[in-house]
Protein chains: 2
Amino acid sequence: MKKRAENTTGIREIAKRANVSIGTVDRVINNRPGVSAKTKETIQKIIEELDYQPNIMARMLASKKVIRIAALIPSVSNETGYWNAPLKGINEAASEIRNFGVVVDNYFFDQNAKQTFTDQADNILKQNYDGLLLAPMFENESIAFLSRCRQNHIPFVLINSDLADQANVAYIGPDLFQSGYLAAHLSKYLISASQTVLVVNISREIDLHHHLLKKEEGFRTSFEKEHTGVAIDKVDINETDYDSLQKTLKRVFKKNKPDLVFVTNSRVSSVARFFEENKIQDVKLIGYDFLEENIEYLKKGTIDFLICQKPQEQGYKGVMSIYQHLLQAPVESVQYMPIDIITKENYSYYKN
Amino acid sequence: MKKRAENTTGIREIAKRANVSIGTVDRVINNRPGVSAKTKETIQKIIEELDYQPNIMARMLASKKVIRIAALIPSVSNETGYWNAPLKGINEAASEIRNFGVVVDNYFFDQNAKQTFTDQADNILKQNYDGLLLAPMFENESIAFLSRCRQNHIPFVLINSDLADQANVAYIGPDLFQSGYLAAHLSKYLISASQTVLVVNISREIDLHHHLLKKEEGFRTSFEKEHTGVAIDKVDINETDYDSLQKTLKRVFKKNKPDLVFVTNSRVSSVARFFEENKIQDVKLIGYDFLEENIEYLKKGTIDFLICQKPQEQGYKGVMSIYQHLLQAPVESVQYMPIDIITKENYSYYKN
DNA sequence: CTGAAAGCGCTTACAG
DNA sequence: CTGAAAGCGCTTACAG
């Protein structure tokens with residue numbers, strides 16, 4: 001390896017040109033008070049001329065600072081292993097930047113209990129982190145939390161589902177509306193005009209899981225726009241255990257059996273199980289996420305296709321984005337994930 | 001931000017415990033000669049006990065070293081813009097690690113002239129880089145080049161197409177065989193048994209573009225394995241200009257018109273143009289890569305689907321992998337890209 | 001074979 | 001408002 005070229009652009013060079021000490025230069029670079037307007041100006045001019053870029057390594061070393069990032073995401077439940085993937089991405093990013101003085105602490109909440117969310121939010125605020133990565137599953141609670149983060153000048157990125165007007169550094173995740181829209185578009189290949197579609201939202205806190213509703217909205221819009229004459233019913237299932245789900249679906253199917261079911265999240269495998277146990281074979285089924293249980297049903301043909309949006313990458317990029325921001329580097333504020341279609345034919349090639 | 005905890009694990013602490021100077025500790029950490037076997041051993045023991053991890057930032061700063069990486073990839077020709085995407089990924093990675101004393105130099109060669117490849121290879125070897133990123137489009141020339149890299153102890157990663165037994169740090173790109181295999185699998189939905197398929201390889205140096213042949217092999221294997229009775233013809237087109245291509249295809253189609261054409265690289269748009277100009281509408285068409293001209297034909301329905309394998313990510317991960325390796329971090333040695341299927345329905349959501 | 005000193009490009013008290 | 005000194009955790013000559 002070669003030696004770095006003689007440094008003629010450092011803080012020392014600036015000091016020499018401005019006829020001041022490096023301490024003064026440091027003050028204006030870091031916007032610290034105690035510099036006369038005049039010297040400040042001359043120094044800034046020189047900085048521009050030299051196109052000075054601070055040496056991040058020297059800075060981190062000298063300041064002995066550690067960048068502390070908190071990540072708050074749902075815990076992996078026995079109902080769905082989805083959050084394994086974002087967590088993996090978060091940990092991957094964390095280990096890549098550990099060498100550069102960054103610590104990432106993971107916090108988890110139960111998607112079925114919003115109290116656990118607010119508890120963890122309080123926890124995080126007490127610890128005074130430098131940045132936050134959040135999966136804002138509960139809308140109102142998230143908004144309250146983020147408002148307190150803003151008060152404490154803690155920048156944050158959002159992953160998995162978006163929240164409008166939160167002054168977040170970045171959103172990394174699906175375009176929820178488009179995701180539902182594409183699902184509808186593909187559905188049109190599976191059914192014909194004037195058939196019936198059923199949208200199924202499964203969540204104990206549906207009113208709070210705004211992201212499900214955005215997907216539903218995109219789904220409906222696609223059908224409405226193209227005037228297919230397809231009728232769209234919907235059902236919200238507020239209990240996530242299989243028995244409750246079965247009871248509800250039985251009732252709905254008895255009343256009006258659909259030709260296609262669109263499940264707005266990863267719990268599509270429960271519906272597939274319902275199909276299997278009740279020998280329902282003529283109903284198409286679409287849902288979300290590359291989970292082992294979903295893939296099983298995809299293989300068998302019970303599920304027709306799954307939509308997946310790179311959950312691991314969301315975690316990885318989420319951490320990297322907040323880190324880049326804390327390093328004062330520019331960060332793309334909206335990073336939509338691609339909308340991947342998983343079928344029986346290509347699932348074995350998919351990388352989560 | 002918090003102060004880093006009191007450092008009780010640094011080189012200084014090791015020196016104290018071993019009753020030596022930090023210079024000696026440095027020598028054993030970096031495997032430099034001039035340390036007695038005995039002190040070396042005691043120091044190593046302490047390093048293990050403390051689970052000592054060197055501070056990369058301090059190391060880079062003190063050594064004034066710059067990590068220099070060369071990237072050698074095809075230039076963007078007017079025939080195909082494919083290599084824009086990997087280049088973008090390379091540059092993205094380069095700018096992310098520039099702060100950490102890394103310089104990435106890009107070199108380009110003309111895919112239609114292997115001389116330009118060997119010239120650039122010579123160039124790179126003269127400059128004594130610390131690491132190399134290579135798209136080994138020309139098989140024999142690449143093998144010769146890499147053998148010289150090994151002699152010079154320059155580690156390298158391969159992207160886009162693999163080469164066996166080269167002792168590379170990593171391969172990042174498609175599983176070529178599987179890519180062709182999946183293409184064949186999906187083709188079966190477009191045609192029926194006992195129809196005819198034509199494989200088209202377009203390249204001025206086909207014998208050297210081994211990666212096209214690997215895709216063809218996967219494609220054939222899939223059909224053979226499932227005994228569909230489909231007949232597979234093939235044609236190699238050695239001139240990449242449209243007129244030559246048209247002439248050849250006209251001849252082939254006259255003799256035996258296929259029901260489906262599989263183009264093994266991104267030049268599928270030329271075949272689409274041929275279809276269009278000659279009013280061929282009943283032949284299915286499959287090819288590679290998310291390029292503007294390909295997407296145009298996909299929209300029109302001339303191309304049925306495209307296979308795409310994250311070219312930008314290949315460039316990004318290629319640089320990051322060689323960088324991690326030079327930092328002594330472990331790197332996954334085979335990183336296959338997902339095999340994405342692009343259709344009229346989902347192309348607008350695809351991220352290259 | 002080993003040690004002591006200087007320095008990498010910054011930041012952080014402290015002194016004036 | 002400004003400067004001089006010490007130090008971050010290493011590496012690099014140089015001296016012995």
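Just the heavy atoms: all of them, side chains too, but no hydrogens, waters or symmetry mates, feed the values below. Not measured: the values here are computed from a predicted model.
Considering CD1 of A:Ile143 and CG of A:Asp165, their distance stands at 9.0 Å, rounded to 0.5 Å.
Going from atom CG of A:Leu61 over to atom C1' of C:dT12 covers 13 Å, rounded to whole Å. At whole-Å resolution of the value, NZ in B:Lys16 and P in D:dG9 are 12 Å apart. Atom-to-atom, CG of A:Asn30 to P of C:dG9 comes out at 17 Å; the value is rounded to the nearest Å. Rounded to whole Å, atom C1' of C:dC8 lies 16 Å from atom CZ of A:Arg59. The CD1 atom of A:Ile29 sits 10 Å away from the C1' atom of C:dG9 (whole-angstrom rounding). Between the CD1 atom of A:Ile43 and the C1' atom of D:dC1 there is a distance of 11 Å, rounded to whole Å. B:Glu13 has its CD atom 12 Å from the P atom of D:dC10, to the nearest Å. In this structure, CE of A:Met57 is placed 19 Å from P of D:dC8, rounded to the nearest angstrom.
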Dot-bracket summary - DNA chain C, pairs being Watson-Crick or G-U whose distances fall under 3.5 Å, with | when paired to another strand: |||.||||||||.|||
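In this structure, A:Arg32 reaches the C:dT12 phosphate: one of its side-chain N or O atoms is under 4.0 Å from OP1 or OP2. Regarding contacts with the backbone of C:dC10, a side-chain N or O of A:Tyr52 is found under 4.0 angstrom from either OP1 or OP2.
The six-membered or imidazole ring of A:Phe100 lies away from that of A:Tyr323, with a centre-to-centre distance of 6.0 Å or more.
When side chains are defined from C-beta on, A:Val28 counts as touching A:Ile47, because their heavy atoms get closer than 4.5 Å. Looking only at side-chain heavy atoms (C-beta outward), A:Arg98 and A:Val104 stay at 4.5 Å or farther from each other. Residues B:Ile124 and B:Phe145 are in side-chain contact: their nearest non-hydrogen atoms beyond the backbone lie under 4.5 Å apart. A 4.5 Å side-chain heavy-atom check between B:Ile29 and B:Arg59 finds at least one atom pair inside the cut-off.
A:Ala135 and A:Phe117 make their closest contact through O-CE1, 4.4 Å (heavy atoms, listed as atom of the first residue, atom of the second, distance).
Looking at the side chain of A:Lys65, the nearest of the listed nucleotides C:dG9, C:dT12, C:dC8 is C:dT12.
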Per-pair distances, 0.1 Å, donor-acceptor, side chain in residues 153-161 of chain B, under 3.5 Å, sequence neighbours excluded:
| residue | atom | partner | partner atom | Å |
| --- | --- | --- | --- | --- |
| B:Asn160 | ND2 | B:Tyr82 | OH | 2.8 |

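The aromatic rings of A:Tyr336 and A:Tyr171 stand perpendicular to each other, their planes meeting at an angle above 60°, with 30° marking the opposite boundary.
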Restricting both atoms to N or O, compile the protein contacts to nucleotides 2-6 of chain C shorter than 3.5 Å, with distance only.
| residue | atom | partner | partner atom | Å |
| --- | --- | --- | --- | --- |
| C:dT2 | OP2 | B:Ser36 | N | 3.0 |
| C:dT2 | OP2 | B:Thr39 | OG1 | 3.0 |
| C:dG3 | OP2 | B:Ser21 | N | 2.9 |
| C:dG3 | OP2 | B:Ser21 | OG | 3.3 |
| C:dG3 | OP2 | B:Thr24 | OG1 | 2.9 |
| C:dG3 | O6 | B:Arg27 | NH2 | 2.4 |

